[in-house]
Amino acid sequence: MKIILAGTTGFVGKEVLTQCLSHPSITSIVILTRRDLSLPTPNPKVQIYRMQDDDFLSYSNPDLTAALRGAHACIWTLGVVPSRAPDAQAIRRVTVDFTEQAAQAFTRECSGKGSRFRFVYLSGALAERDQSKSLWFAGPYRRVRVCIFIPSSRH
Ligand SMILES: NC(=O)c1ccc[n+]([C@@H]2O[C@H](COP(=O)([O-])OP(=O)(O)OC[C@H]3O[C@@H](n4cnc5c(N)ncnc54)[C@H](OP(=O)(O)O)[C@@H]3O)[C@@H](O)[C@H]2O)c1
């Protein structure tokens, strides 16, 4: 199984990578990262792709799309907390726009005939699906923490 990981330099993503490295069914791992990421020991099943900021919004680079092709699933632990973001727009960009663009691109590049791409999105506590619900605290952040995007897929 080929898997795409994003957020691998983070607290959760590091552990997800460790688990994927030791899982015998996962034979290929593509890591999307904006920062240098060094593994304790080089592993032939890992391919690290250095993303520029724009790459998260446009999966048009042929090297990037080639790296993704053939993947079966993604574990998306890329995310930002309000204390580390300058404003609500920046949070929305990372939380919603990056995730939507990734889901669209992965579906386009990786879904094959008879195969279904799986996108695992790591949300957060108290995320609110009901976008019209009035919330007492952290309303804007909790509303964007749900993955409401449904990719237009051939399946
Ligand atoms: N930690 C928890 O207990 C917990 C519990 C439930 C849910 N979550 C959720 O799980 C996700 C990951 O949490 P975490 O604790 O692992 O967070 P973290 O340690 O802050 O890691 C965040 C990851 O997202 C990447 N990232 C953030 N902003 C980015 C941007 N603008 N462009 C590219 N990459 C960006 C970071 O890359 P850089 O290293 O390059 O910054 C890092 O790899 C978050 O969405 C969080 O809300 C966490």
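All residue numbers in this chain count up from 1 along the given sequence. One-based numbering, in listed order, for ligands and for the atoms of each.
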Select all protein residues for which some heavy-atom-to-ligand 1 distance is less than 4.0 Å, and list them by chain and number. Gly7, Thr8, Thr9, Gly10, Phe11, Val12, Arg34, Arg35, Phe56, Thr77, Leu78, Gly79, Arg84, Val94, Phe98, Leu122, Ser123, Gly124, Tyr141, Arg145

Enumerate, atom names and distances included, each donor-acceptor pair closer than 3.5 Å involving a side-chain atom of residues 20-31, sequence neighbours excluded.
| residue | atom | partner | partner atom | Å |
| --- | --- | --- | --- | --- |
| Ser22 | OG | Thr18 | O | 3.4 |
| Ser22 | OG | Gln19 | O | 3.2 |
| His23 | ND1 | Ser25 | N | 3.1 |
| Thr27 | OG1 | Met1 | N | 3.1 |
| Thr27 | OG1 | Met1 | O | 3.3 |

Before accepting this row, confirm whether a basic side-chain N of the pair Arg143/Glu128 lies closer than 4.0 Å to the acidic partner's carboxylate O. no

Restricting to salt bridge (charged side-chain N to carboxylate O under 4.0 Å, His left out), what partner residues turn up for Arg34, sequence neighbours left out? none

What I want to find out is whether Arg50 reaches Asp36 closely enough, with some N-O distance under 4.0 Å, to be called a salt bridge. yes

If the condition is side chain to side chain contact (heavy atoms under 4.5 Å, CB included), which residues does Asp63 pass it with, not counting sequence neighbours? Tyr49, Asn61

Aromatic ring pairing Phe98/Phe56, orientation class (parallel under 30°, perpendicular over 60°, tilted between): parallel

